[in-house]
Peer 1: 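One structure, as C-alpha cells, below. Some questions next.
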There are 2 protein chains.
Amino acid sequence: MKTASKPAADADIQRYMQEVGQRARAAARVMARAETAAKDAALMAMAAEIERQRDALIAANRKDIDAGKAQGLDSAMLDRLELSAARIQSMAEGLRQIAALADPVGEITDLNYRPSGIQVGRMRVPLGVIGIIYESRPNVTADAAGLCLKSGNASILRGGSEAIHSNRAIAACIQTGLKQAGLPEDAVQVVETTDRAAVGELIRMKEYVDVIVPRGGKSLIERISAEATIPIIKHLHGVCHVYIDDKADLDKAVKVAFNAKTQRYGTCNTMETLLVARDVATKVLPVLGRMYQDQGVELRGCEATRKILAGIQAATEEDWHTEYLAPILSIRVVENVDAAMDHIAKYGSAHTDSIVTEDITRARRFLREVDSSSVMVNASTRFADGFEYGLGAEIGISTDKLHARGPVGLEGLTSVKFVVLGDGHIRK
Amino acid sequence: MKTASKPAADADIQRYMQEVGQRARAAARVMARAETAAKDAALMAMAAEIERQRDALIAANRKDIDAGKAQGLDSAMLDRLELSAARIQSMAEGLRQIAALADPVGEITDLNYRPSGIQVGRMRVPLGVIGIIYESRPNVTADAAGLCLKSGNASILRGGSEAIHSNRAIAACIQTGLKQAGLPEDAVQVVETTDRAAVGELIRMKEYVDVIVPRGGKSLIERISAEATIPIIKHLHGVCHVYIDDKADLDKAVKVAFNAKTQRYGTCNTMETLLVARDVATKVLPVLGRMYQDQGVELRGCEATRKILAGIQAATEEDWHTEYLAPILSIRVVENVDAAMDHIAKYGSAHTDSIVTEDITRARRFLREVDSSSVMVNASTRFADGFEYGLGAEIGISTDKLHARGPVGLEGLTSVKFVVLGDGHIRK
C-alpha cells in the first residue's frame, strides 16, 4: 500500500487522485492474476502485524480521539472512533477469517459445448478497482482492504478525516502484509488527504475506478449517489417489517416480533413497523405491547392498534416511512396478507421483510411477491446478515437491485466473464 | 399495453411520463407473480397477431419510410427502418422462441441450513420496470417487449421518432397478446410522444424505473450514460482483438483472423485490431494480407507490419483506439503474449478478445488475465453472441462490469434476492 506524498494544496488534489487511480489500475492487473496463497499470506501477515502494532495503533487512535473531543464530537461518534485492544484483536481475527474463505476468483461454471463446437463457460473475475468511502470506524480500513484483496481487486480507501491517524497506522500494517507476500503496495491505497475534494474526484474517475462502495449514514450515501458517475454498491436504509398473519402460530409470532425489534436497535435489519392481521390483533398485541413497553420501546399505532393498546401515540404517515434505528416501533393492523404486502410495497425500503404464518400458500406468496433483498418466513429480520447467511464476511448490505442484492460478500466484489474455447472455430 | 393519450404540449411531458411510470410500477407487481403459462400464452398470441396484421404493419411502416425519405434519411437508416414481410415473420418467430425459453423467475438455488437452524437460499426475481431506449429498427419493439415480459418485468419502450407509426402498430399487436393472456395492459407501454424531453424524464424516474437499456449508436449511449440517474445496462463499443501467438497453429490463425474481420463488418464483435507475435509475423502476415486485400479490407499497420506488407498505410495512435465497423483493419506486430495483453489492456474496450495458440500455459494466462466480457482461445470473436452462447436471445451485449457482462439474455433482466425459512427462529 502506497500512501503517496500528501498533496500540498487544494489545487493538487485532482492530480494526486489521478495518480492514486493510475497506480490502483496497474496494481489491479497484478491482483487479478495473484494466486490464492499469496493473497492469504498477505492477509495473515497483516493480521500478525496489527497484533504486533497494538500499542502504536492505540496511540495513533488516541490522537484522533483527543482531536475529536476537542472538536466536540458526540459520544456515539467517539465510541465508533475508538480502537480498543479488543477491537484491534477482532480486526486481526477478521482478516484471518477472510483468509480462510474460499477464493471466488477464477471459478469456471457452466462450461458446455455448443452446437457450433465451441465450449462456452463463465469465469468469475475481480471487478478491478474498488473505491471505499466510509466514516469514523477505523476497523473498516482493515475489513474493506481484506475483502477487496481476497476478491482480487485493488482498493482505494477514503476514511473520515476524524480517523486519519488511526487509518494511517492501520494502513502501515496492511502495507507490511502486502510486502511480505510479494504483492504490489498499490493494491491497497489509503487516500492521504482529508480534503473533501478528494471524494469528488474518486467518485468520478471512471477510467480508474470500477465501483464505489460508500459505508456510512444515509446523508453520506445520498450525497455520493447524487454525485457519482461510477456505479455504486450501496445500502440506503432499512424500513423492515414483520407481518403476523391470522394463521400464525402466536408463540412464534411473539418471539419473532420481539426479537426483530429488540435484539439490537441501531441495525438496518431491525424491524421498524409491525403489521398484524385484524383477526389476531386482539390476541397478540396485548402480549407484545406489554413486552415492548417493559423493554422501554415506544409504540406508535394506527387507530385499530390504539383501541387495543390504550394510551399509545398515533402513528403518522411519516412513521410508516421511518427507519427509527431506536427503541420506537410503529404498529398497524391490516386486513390480510394482501394488505400487508401492499403496505410493504408502498412504505418499505426493499431491505428485509418477514411473514409469520403456518399457512404454506401465504408463505409462498410472500416469498415470491415481496420485492425485498431478503424475504423471510417465521424468522427474525435480524438474520439478514452476511455471517448468518454463510457469506463469511460482508462489505455491506445492498439495497440496490442490480449486481448485488442483500448482504454483499466476496462474490459481490466480483463479476463474471464469458470464456470460449475452440480449435480454430469460425462463425459460419 | 396502454398507450395513454398523447400529451398536448411540452409542458405535459413530465406529467405524462410520471403517469406511465406509475402504471408500469403497478403492472410490475402483477408481472412478478405471473405464471409462466400466462406469459408464454401472451408471447404466442402476440406472434400470431403480428402475422395476422402483416399488411397493416407494412402500411404503417410505409408512412415512416416516406417521412424518412422526405426528411432525407440516408439509405442505411432507411434500411434499418424497413419492415419487410420477412422481417415481420422473423419478429413473430423471435417471440415464439422467447416463449420456448425456460422461465428464469422464481428459481431458488443454494438453499441450505445454517448453524442457527434457518434455511437460506437465493430466489431469481424480475428487476421490476425496464426502460428501453432505441433507434430506428422497429423490430426492437417486439424483441425487447418479449424479453422483458418473459423475465417478469414491466417495460417502457421509447423508440426513435422516425419509427413511430411502425412502433405503434407493433404495440397494438402486443396489446392484443397481453389482453388475450389476461395480463395487465400496462406491462408493456410504448411512449406515445416523440418529444426528446420524454427520454430525459424516463432516465431519471428512479421511483418508477429500475434499469435503462439503451440500444443504438455510441452517441446515444454516451448521452444517456451522462444524463441518467437510473442504473444502465449498456453496450458502448467493441474494439476487439485477435492475437496470433508464435505457438499458434498457423492454419487456425489464418482462419480465425480472417473470419473475425470479414464474416460481418458492422457488428460489435468484429475484430478491429490484429496482433501478431514477431516470430511468426513474416509467415502469417503475407498470407493474411493477401486474403484481406482480395476481400477489399483496407489495412493499416505498425512499422514492423509495413516492412512485411509493403504499401499499406501507417496506423496512427488513434487507429488502435478505433472501432471501424467497416472493412478496415489495423495490424500490430508485438513481442509476445505479454505485449499483446498490454496492448489490449491499453487500447481495448473490454468487449471480446481472442488468442490463437497451441500453448496451454499462454491460453490459460490469456483467459484469466484479459479483462474483457468475452475471452477466447482459438475461436473467432464473432462468436460473442447470445444465440451462439446458448442464452436463446439477447437484449444486448453489456460492456459494463457490474450486474450483466457480455451478451445479456433473460437472466440479465433479473436479480437475485435472499429467501429465509425458519420455524420461529430468532437471533441470539
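Numbers restart at 1 for each chain; the letters A, B, ... are given by sequence-line order, proteins then strands.
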Peer 1: For residues A:L127 and A:I130, report the shortest heavy-atom separation together with the two atoms involved.
Peer 2: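 Here A:L127 and A:I130 meet closest at CD1-CD1, 4.5 Å.
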Peer 1: Which residue out of B:M123, B:Q263, B:R368, B:Q119 racks up the most heavy-atom pairs below 4.5 Å with chain A?
Peer 2: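 Most heavy-atom pairs under 4.5 Å with chain A: B:R368.
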Peer 1: Where do B:V370 and B:Y243 land on the side chain to side chain contact (heavy atoms under 4.5 Å, CB included) test, with the steps shown first?
Peer 2: CA-CA 12 Å; B:V370 172; B:Y243 164 61; over 6 Å; no
Peer 1: Side chain, backbone, both or neither: which part of B:Y113 has an atom under 4.5 Å from a heavy atom of chain A?
Peer 2: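 For B:Y113, neither part sits under 4.5 Å from chain A.
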Peer 1: Report, in residue-number order, which members of residues 415-428 of chain B are under 4.5 Å from chain A by heavy-atom distance.
Peer 2: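 Only B:S415, B:V416, B:K417, B:F418, B:V419, B:V420, B:L421, B:G422, B:D423, B:G424, B:H425, B:I426, B:R427, B:K428 of residues 415-428 of chain B have a heavy atom under 4.5 Å from chain A.
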Peer 1: Side chain from CB out, backbone as N, CA, C, O: work out which of these in A:D385 comes under 4.5 Å of a heavy atom of chain B, or both, or neither.
Peer 2: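 A:D385 touches chain B through side-chain heavy atoms alone.
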Peer 1: For chain B, which of A:A32, A:A253, A:G117 has the most heavy-atom pairs under 4.5 Å?
Peer 2: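 Looking at each of A:A32, A:A253, A:G117 in turn, A:A32 comes out on top.
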Peer 1: Please look at B:V254 and chain A and tell me whether the side chain, the backbone, both or neither of the residue comes under 4.5 angstrom of a heavy atom of that chain.
Peer 2: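 Interface part for B:V254: neither.
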Peer 1: With a 4.5 angstrom heavy-atom cut-off, which part of A:I230 approaches chain B: side chain, backbone, both or neither?
Peer 2: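 The answer is neither part of A:I230.
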Peer 1: Less than 4.5 Å to any heavy atom of chain A: does that hold for the side chain of B:V120, its backbone, both, or neither?
Peer 2: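 For B:V120, the contact with chain A is made by the side chain alone.
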Peer 1: With a 4.5 angstrom heavy-atom cut-off, which part of A:T414 approaches chain B: side chain, backbone, both or neither?
Peer 2: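 No part of it gets close to chain B.
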Peer 1: Checking heavy atoms, do the side chain of B:R382, its backbone, both or neither come under 4.5 Å from chain A?
Peer 2: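 Contact with chain A involves both backbone and side-chain atoms of B:R382.
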Peer 1: Sub-3.5 Å donor-acceptor pair from the side chain of B:N153 to the main-chain atoms of B:G128, do we have one?
Peer 2: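 A pair under 3.5 Å: yes.
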Peer 1: Specify the closest pair of heavy atoms between A:G121 and A:L111, including all atoms of both residues, with the distance to one decimal.
Peer 2: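 For A:G121 versus A:L111, the nearest heavy atoms are N-CD1, 3.5 Å.
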Peer 1: Checking B:I355 against chain A: side chain, backbone, both or neither under 4.5 Å from a heavy atom?
Peer 2: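 Contact with chain A is absent: no heavy atom of B:I355 under 4.5 Å.
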Peer 1: Which answer fits B:P115, side chain, backbone, both or neither, if we ask what part of it has an atom under 4.5 Å from a heavy atom of chain A?
Peer 2: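 Neither part, no heavy atoms under 4.5 Å.
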Peer 1: Counting heavy-atom pairs under 4.5 Å to chain A, which of B:D210, B:I232, B:T229, B:N112 comes out on top?
Peer 2: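 It is B:D210.
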Peer 1: Would you mind checking which part of B:D342 comes under 4.5 Å of any heavy atom in chain A, side chain (CB onward), backbone (N, CA, C, O), both or neither?
Peer 2: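 Its backbone and side chain both get close to chain A.
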Peer 1: Do side-chain atoms of A:K261 reach the backbone of A:M271 as a donor and acceptor pair under 3.5 angstrom?
Peer 2: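 Yes, the answer is positive, given that a donor and an acceptor are paired below the 3.5 Å cut-off.
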Peer 1: Quick one: of A:V125, A:I108, A:I118, who has the most non-hydrogen atom pairs under 4.5 Å with chain B?
Peer 2: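 Max contact count across the listed options: A:I118.
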Peer 1: Determine, stepwise, if the pair B:N269 / B:H351 fulfils side chain to side chain contact (heavy atoms under 4.5 Å, CB included).
Peer 2: CA-CA 7 Å; B:N269 54 18; B:H351 191 296; 4.1 Å; yes
Peer 1: Given that the side chain runs from C-beta out, which part of B:A34 has a heavy atom under 4.5 Å from chain A: side chain, backbone, both or neither?
Peer 2: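 Backbone only.
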Peer 1: Taking all non-hydrogen atoms of both residues, which atom of A:S354 and which atom of A:A379 are closest, and how far apart?
Peer 2: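 Closest approach of A:S354 to A:A379: OG-O, 2.7 Å.
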Peer 1: Taking ring-ring contact (aromatic ring centres under 6.0 Å, His included) as the test, write out the residues that go with A:Y208, two or more places apart.
Peer 2: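 So A:Y208 forms no ring-ring contact (aromatic ring centres under 6.0 Å, His included) with any residue.
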Peer 1: Which answer fits B:I233, side chain, backbone, both or neither, if we ask what part of it has an atom under 4.5 Å from a heavy atom of chain A?
Peer 2: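 Interface part for B:I233: side chain.
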Peer 1: Heavy-atom count check: over 12 atoms from other residues, nucleotides or ligands less than 6.0 Å from B:R33 CZ?
Peer 2: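 Yes, CZ of B:R33 has more than 12 neighbouring heavy atoms, counting only those of other groups under 6.0 Å.
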Peer 1: Highest number of heavy-atom pairs under 4.5 Å with chain B: which of A:K255, A:K252, A:R25, A:R122?
Peer 2: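 Looking at each of A:K255, A:K252, A:R25, A:R122 in turn, A:K252 comes out on top.
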Peer 1: Around B:Q22, counting heavy atoms of other residues, nucleotides and ligands shown, do more than 12 lie under 6.0 Å from its CD?
Peer 2: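 Counting other residues, nucleotides and ligands, CD of B:Q22 exceeds 12 neighbours.
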Peer 1: For side chain to side chain contact (heavy atoms under 4.5 Å, CB included), just list the numbers for A:F258 and A:Q295, CA-CA rounded to whole Å, side-chain angles, deciding distance to a tenth of an Å, and then say yes or no.
Peer 2: CA-CA 10 Å; A:F258 186 71; A:Q295 195 77 9; 3.6 Å; yes
Peer 1: What option among A:V375, A:V377, A:T381 has the most heavy-atom pairs under 4.5 Å with chain B?
Peer 2: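 Maximum pair count with chain B is reached by A:V375.
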Peer 1: Nearest heavy-atom pair of B:A404 and B:G412: which atoms, and what distance?
Peer 2: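 Here B:A404 and B:G412 meet closest at CB-CA, 4.4 Å.
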Peer 1: What I want to find out is whether A:D371 reaches A:R405 closely enough, with some N-O distance under 4.0 Å, to be called a salt bridge.
Peer 2: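 Counted as a salt bridge, because a side-chain N and a carboxylate O are separated by less than 4.0 Å.
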Peer 1: For chain A, which candidate among B:E369, B:R264, B:E358 shows the most heavy-atom pairs at distances under 4.5 Å?
Peer 2: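 Maximum pair count with chain A is reached by B:E369.
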Peer 1: Can you list the steps and then say if B:V408 with B:V213 is a side chain to side chain contact (heavy atoms under 4.5 Å, CB included)?
Peer 2: CA-CA 11 Å; B:V408 181; B:V213 182; over 6 Å; no
Peer 1: Which heavy atom of B:L236 sits nearest to which heavy atom of B:T399, and what is that distance?
Peer 2: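 The answer is N-OG1, 3.0 Å.
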Peer 1: Of the listed residues (B:R365, B:M341, B:K401), which shares the most heavy-atom pairs with chain A below a 4.5 Å separation?
Peer 2: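 The residue among B:R365, B:M341, B:K401 with the greatest pair count is B:K401.
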Peer 1: Hey, are A:E411 and A:R124 close enough for a salt bridge, meaning a charged N less than 4.0 Å from a carboxylate O?
Peer 2: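 Judged by the 4.0 Å cut-off on N to carboxylate O distance, A:E411 and A:R124 do form a salt bridge.
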Peer 1: Measure B:T352 against the heavy atoms of chain A and call it side chain, backbone, both or neither at under 4.5 Å.
Peer 2: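 No part of B:T352 comes within 4.5 Å of chain A.
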